[in-house]
Trainee: 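Got a structure for you, written out below as structure tokens; questions coming shortly.
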There are 2 protein chains.
Amino acid sequence: MDATVTLKDVAARAGVSVGTASRVLSGHSATSPAARERVRAAATELGYRMNARAQALRSARSHAVGLLVSDVRNPFFADIAHGAEQTALASSYVTLLANANEDTAQQDTYLDVFLTQRVDGIIIAPQGEGRGDLRALEQARVPLVFVDRTVDGFDVPSVTADNAQGVELAVAHLAEQGHTRIGYIGGPPSVSTGRARLSAFLESIARHELDDDPALITAGDFRRASGGTAAAKLLANHRPPTALLAADSLMAVGAVAEVRRRGLRIGEDLALVAFDDIEWFGELDPPLTVVAHDARALGATAMRLLLDVINGGTAESVVLPMRLIPRRSSSARPTHTAAVHPSV
Amino acid sequence: MDATVTLKDVAARAGVSVGTASRVLSGHSATSPAARERVRAAATELGYRMNARAQALRSARSHAVGLLVSDVRNPFFADIAHGAEQTALASSYVTLLANANEDTAQQDTYLDVFLTQRVDGIIIAPQGEGRGDLRALEQARVPLVFVDRTVDGFDVPSVTADNAQGVELAVAHLAEQGHTRIGYIGGPPSVSTGRARLSAFLESIARHELDDDPALITAGDFRRASGGTAAAKLLANHRPPTALLAADSLMAVGAVAEVRRRGLRIGEDLALVAFDDIEWFGELDPPLTVVAHDARALGATAMRLLLDVINGGTAESVVLPMRLIPRRSSSARPTHTAAVHPSV
DNA sequence: CTGTTAGCGCTTTCAA
DNA sequence: TTGAAAGCGCTAACAG
């Protein structure tokens, strides 16, 4: 019952050597049924619990993986974490969850922690240019997988969403309803998803022959406040957009608040589509149309890749599809809008 | 640059013994300036990174703590986790974050993992009756702190919110506006906060001499769907409540959806107050009045207590105050309501 | 102030 | 199939 029961105690109680006890408990080598039974019994009676640290030290396998997300409080990353964690647990791996807080310095701090803790592998939603400790990881040859985001110049397996497809779905949806001036609220260029979605947007706009007025393009930082600022800027235009596309859920929330503050009704005066589906987006009034990826699947898949790499396999990058979930926020028609704020 | 640089390598390069190298790098004992400089130099040149597992094995101190929350995807717990994690990091402790998923079996699984990993201490938002591995923890004498919730019969320091005060604030607020029939959407009796809030509600109702009709009391499970079910039940009453009090944010969201589904307008036909402030509650339409606790402070305080206990101190339980944040959802007056659905 | 020497709890040869 | 023994990388006496 005491927590400090050691393998030696178990061996003594079972009347075998520590070697045998180890072999029985790890089940790797052959052991006699008699020994097996007595060791097992002794272990239970004593309430033996293996010391994972000693085992890791000796066997150079910690059975722990690090997961570094950009922001735990962002529901999208919480879902990724959940998916990854459950997958790891199923293979009896422990997940060390860390939060970079959208801050490159903290990202480096935690990568350092991971390395010091000698985790068996790392999953990261990276940010920045990939200087600093990200390079150290590569040199340390720790199994690494990128999730949601990537960093140029790193040959690392990744699990990402099909951003181009997602943007195209959104733009096509809006174009179908007659919108030609779509205001874009993008992410920071320092993050791969920010870049990918922007260039996809430009392509989609061209493909559908919509207005490519540069004044319709803004960029935020994937936080709520920046969505408000961007929306304000877009709506202040002398020819404001009739629809908004936000590259991230939190910025979409900020934009919704700003639009409302200006007395405009989303879904009626202005159409809005957001990236990332969040459980409660359907509860907003009006419910938000989104381009959704399955965050949990992103996390689970990333963990699966990582475990593959850890076990000596090779992992191929995976791109998961996105899908459009049309809800009321995008039901506004451009004509409608024009009538409401003719030239604001 | 290689990840497998060992202390021995550093010592060799610096021309000192491993003992001295260890002393310099851990900074615990006195060392000569000369040795210090050369060891430090050697460590940097070699890219030495301490092996935390070996250190933990030898010194019986892992510098890792376990944090077990009931549901990572609940923003409330995400905030707690964030607060705890940042506090731990400041004292250079690593946080192992685990997710019980509101499931007692998974709670036990992770407690087991924590014990096996030999963490220095554990923070948990517990559930259930405290059988199973929770008892094992006590016997293992691992420093333990409860956060948000407690379990009867455990003499463990805790950081909780002042539930009684919170409920009283909410009830007083609604009573002030003339409401006498408040429908209560409570949590599960298996969780301490569920029990505490319910009994506080009954007391507040009595204190303000409001209607104590038992049909006004319902219970959910702290998940969204149950809030909808509970609201449906309350509104189906032949004398429906004119105000709703939800003991948890997710259930509140469910209730909002259900109320809206029935064609009633929150803030006009029906007042609503919810527990737990969530960043986006202000963005719902109408914005939700809440009884808020500072989740981040809960987490940070819990971690502070835990670190105290780990360092041999004694920790006193802390009860943090709640505060009412009045917003539009609670502006409905009872007369108003009666007019809208006279006897539904 | 520093080198030497035992281990921490476990796995893994190597013989028997 | 098993015991004995040698470490994994580090810290903590103990002498000097």
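Just so it is clear, the structure is predicted and the values come from calculations on it, not from any experiment. Letters A, B, ... mirror the listed sequences (proteins, then strands); counts begin at 1.
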Trainee: Hey, does the side chain of B/Thr6 come within less than 4.0 Å of D/dC8's phosphate (OP1/OP2), counting only N and O?
Mentor: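 No, because none of the side-chain N or O atoms of B/Thr6 sits under 4.0 Å from OP1 or OP2 of D/dC8.
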
Trainee: Whole-Å distance between D/dC8 P and B/Arg49 CZ?
Mentor: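 My rounded result for the distance is 21 Å.
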
Trainee: Might you point out which heavy atoms bring B/Val119 and B/Val142 nearest each other, and give the distance in Å?
Mentor: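 Of all heavy-atom pairs spanning B/Val119 and B/Val142, the closest is O-CG1, 4.3 Å.
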
Trainee: Not counting sequence neighbours, which residues clear side-chain hydrogen bond (donor to acceptor under 3.5 Å, both in side chains) with B/Ser32? List them please.
Mentor: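 side-chain hydrogen bond (donor to acceptor under 3.5 Å, both in side chains) list for B/Ser32, sorted by chain: empty.
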
Trainee: Is the shortest distance from a Lys or Arg side-chain nitrogen in A/Arg135 or A/Glu138 to a carboxylate oxygen in the other one below 4.0 Å?
Mentor: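 A salt bridge links A/Arg135 with A/Glu138.
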
Trainee: For A/Leu67 versus A/Ala81, what's the shortest heavy-atom pair and its separation?
Mentor: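 Heavy atoms of A/Leu67 and A/Ala81 come nearest at CD2-CA, 3.7 Å.
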
Trainee: Below the 4.0 Å mark, does C/dT11 have OP1 or OP2 next to a side-chain nitrogen or oxygen of A/Gln55?
Mentor: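 Answer yes for this pair, as a side-chain N or O of A/Gln55 is under 4.0 Å from OP1 or OP2.
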
Trainee: Determine the sole option in B/Leu306, B/Val319, B/Leu305 for which the side chain to side chain contact (heavy atoms under 4.5 Å, CB included) test with B/Val159 is passed.
Mentor: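 Result: among B/Leu306, B/Val319, B/Leu305, B/Leu305 is the only option passing the side chain to side chain contact (heavy atoms under 4.5 Å, CB included) with B/Val159.
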
Trainee: Under 4.5 Å between any side-chain heavy atoms of B/Val94 and A/Thr116, yes or no?
Mentor: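 Heavy-atom side-chain distance check fails, nothing below 4.5 Å.
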
Trainee: With no hydrogens and no angle check, just 3.5 Å: does a side-chain donor-acceptor pair link B/Arg36 and B/Thr31?
Mentor: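 Judged by distance alone, the side chains do pair up.
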
Trainee: So what's the dot-bracket for DNA chain D: Watson-Crick or G-U pairs under 3.5 Å, [ ] if a pair crosses, | if it pairs off-strand?
Mentor: ||||||||||||||||

Trainee: With nearest nucleotides of DNA chain C determined for A/Met50 and B/Thr31 from heavy-atom distances, which residue corresponds to the more 5′ nucleotide?
Mentor: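 Upstream on the strand: B/Thr31.
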
Trainee: Could you go through nucleotides 12-16 of chain C and list every protein N or O atom that sits under 3.5 Å from one of its N or O atoms, giving the distance for each pair?
Mentor:
residue	atom	partner	partner atom	Å
C/dT13	O4	A/Arg23	NH1	3.4

Trainee: In whole angstroms, how far is the C1' atom of C/dG7 from the CG atom of A/Asn51?
Mentor: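 Atom-to-atom, A/Asn51 to C/dG7, this comes out as 14 Å.
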
Trainee: Looking at every non-hydrogen atom in both residues, tell me the closest pair between B/Ser29 and B/Arg23 and how far apart they are.
Mentor: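 That closest heavy-atom pairing would be CB-CD, 3.7 Å.
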
Trainee: Scan A/Ala35 against the nucleic acid and name what it touches under 4.0 Å (heavy atoms): base, sugar-phosphate only, or nothing.
Mentor: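 Sugar-phosphate: the residue A/Ala35, judged by heavy atoms under 4.0 Å, touches backbone atoms but no base.
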
Trainee: State which of D/dT2, C/dC10, C/dG3 makes the closest approach to the side chain of A/Ser32.
Mentor: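 The listed nucleotide nearest to A/Ser32's side chain is D/dT2.
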
